[in-house]
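Residue numbers count from 1 along this sequence. Order of appearance sets the numbers: ligands from 1, and atoms from 1 within every ligand.
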Amino acid sequence: MFPEITVTKTTSPRQKPQPGQPLPFGHIFSDHMFVMDYVEGQGWINPRIVPYGPFEIEPSAMVFHYGQAVFEGLKAYMCEDGSINLFRPACNFERMNNSNDRLVIPKVDVDFCVYATKKLVELDKDWIPSGKGESLYIRPFVIATDPYLGVRASSTYKFFILLSPSGAYYAHGIKPVKIYVEDKYVRAVRGGTGFTKCAGNYGCSLIAQTIAHESGYEQVLWLDGVEQKYIEEVGAMNIMFIIDGKLVTPSLAAGSILPGITRRSCIEIAKSMGMEVEERKISIEEVIEAGKSGRMQECFGCGTAAVVSPVGELKYEDTVIHINNGEIGPITQKFYDTITGIQSGKVEDKFNWITKVD
Ligand SMILES: *Cc1c(COP(=O)(O)O)cnc(C)c1O
């Protein structure tokens, strides 16, 4: 049995989003949040659902100084029959534990965290938007809270889950993005934290993102941190190529790439369709060459936010390649339709990816 989660309901419920209201990502939060504390010697204690709102924390809390902070991201979907789907939630908490381990943060109980997520989503289910492509974004995270300025692992932590109603990523149809291949800055190195969703990975990536935006590109494609030669991933998405009809994607072996759950799902779908999948090193030269010669039929990013994001243009140094005439390709579309269909309950969940709330 799981520890009891105490519930303190809000006395001032806020205005829920109205059907049709635009829901830009990450601005609106539901009425409640889940919190628990970690105390050395006691473990994770005091699990509770409380009204969403500011909380007190000491300015000396270690998270502000040495960056022990990790997060996750997943979604809840309202089905037409009124039931609620979570997409592979245990994978998120398993991945959180890998992040925690790397940052010397104590692990969480995966099953209990899935249970806590269900409880919170159930309580705030009226916040799940039900328009096409809409969902409730779920943001679990952990921060170090010891009030101490020495450099060491904290002995206390707080774990939270926030809920944020989220609009359709493709409100105006799926439009391929322009991607800038970053050749100066790197995001991760072998032995570093690339495989974790730790806050620092995103702080250090902002400069490249900013420069890319200034030059009219939407996202950055990172190269490896050693030779700056091999493809790693896009901002908060993994990257995939269809080359000679095979699904080709960078291998996770060096630990510098975030193991996306969408990535894993695309690979599983591809294999179930009998498609050949290659997880391996892939150099930027190979991609440029495959793009120019027409051997690369499709290229797309994949992640929870967009599911898939077709790439229409790649810029590397002075070379620009265009992919599939700036249109979404049939295989990318197939992944999109299968994953979003399973998430919304319209396609049979033959992979067993859905966890129902309640
Ligand atoms: C979250 C994230 C992804 C995608 O992971 P999903 O589990 O598919 O959402 C890919 N790369 C980075 C850097 C990320 O932060």
Side-chain angles (χ1 to χ4, degrees), residues 25-26 67 69-77 86-100 102-103 110 113-114 117 135-142 164 166 169 177 179 181-182 185-189 192-209 212 218-225 230-241 247 249-252 254-270 279 299-311 332 335-336 338-340 342-343 351 353-355:
F25 177 76
V70 305
F71 69 96
E72 270 303 327
L74 67 157
K75 288 173 168 181
Y77 308 84
L86 300 176
F87 186 72
R88 313 189 80 174
C91 296
N92 290 90
F93 293 107
E94 280 157 12
R95 185 169 68 190
M96 175 178 261
N97 276 341
N98 294 335
S99 300
N100 286 8
R102 179 61 178 81
L103 277 281
V110 170
C113 288
V114 172
T117 304
S135 59
L136 184 70
Y137 183 77
I138 303 170
R139 167 53 60 87
F141 67 103
V142 182
S164 177
S166 180
Y169 192 90
V177 292
I179 289 203
V181 183
E182 177 54 52
Y185 300 105
V186 298
R187 166 185 186 275
V189 290
T193 56
F195 68 97
T196 74
K197 262 178 140 61
C198 73
N201 285 350
Y202 304 84
C204 75
S205 72
L206 299 176
I207 187 164
Q209 182 75 26
E218 277 125 314
Q219 301 259 5
V220 170
L221 177 62
W222 296 100
L223 299 178
D224 76 278
Y230 296 100
I231 305 284
E232 298 235 305
E233 59 182 318
V234 186
M237 284 190 288
N238 295 109
I239 186 101
M240 301 199 151
F241 306 92
L247 179 64
T249 192
S251 138
L252 303 175
S256 52
I257 295 174
L258 199 284
I261 294 159
T262 320
R263 174 189 183 277
R264 185 164 150 189
S265 305
C266 288
I267 290 173
E268 288 170 35
I269 294 168
E279 293 179 68
C299 171
F300 62 98
C302 59
T304 295
V307 182
V308 297
S309 176
V311 177
T332 309
F335 290 140
Y336 182 78
T338 306
I339 294 174
T340 56
I342 291 173
Q343 288 169 338
F351 300 96
W353 285 339
I354 296 301
T355 295

Worked check of ring-ring contact (aromatic ring centres under 6.0 Å, His included) between Tyr336 and Phe300 = CA-CA 11 Å; Tyr336 182 78; Phe300 62 98; over 10 Å; no
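- Counting all heavy atoms, side chain and backbone alike, Thr340 lies closest to Val307 at CG2-CG2, 3.9 Å.
- The two residues Gln343 and Ile354 have their closest heavy-atom pair at CA-CD1, 4.1 Å.
- Applying the side chain to side chain contact (heavy atoms under 4.5 Å, CB included) criterion to Val186, with sequence neighbours excluded, gives Gln228.
- Near ligand 1, residues Arg95, Arg187, Lys197, Tyr202, Glu233, Gly235, Ala236, Met237, Asn238, Leu258, Gly260, Ile261, Thr262, Gly303, Thr304 each place a heavy atom inside the 4.0 Å sphere around the ligand atoms.
- In this structure, Phe25 has its ring center closer than 6.0 angstrom to the ring center of Tyr137.
- Ionic pairing of Glu94 and Arg88 is not present here: no N-O contact between side-chain nitrogen and carboxylate oxygen is shorter than 4.0 angstrom.
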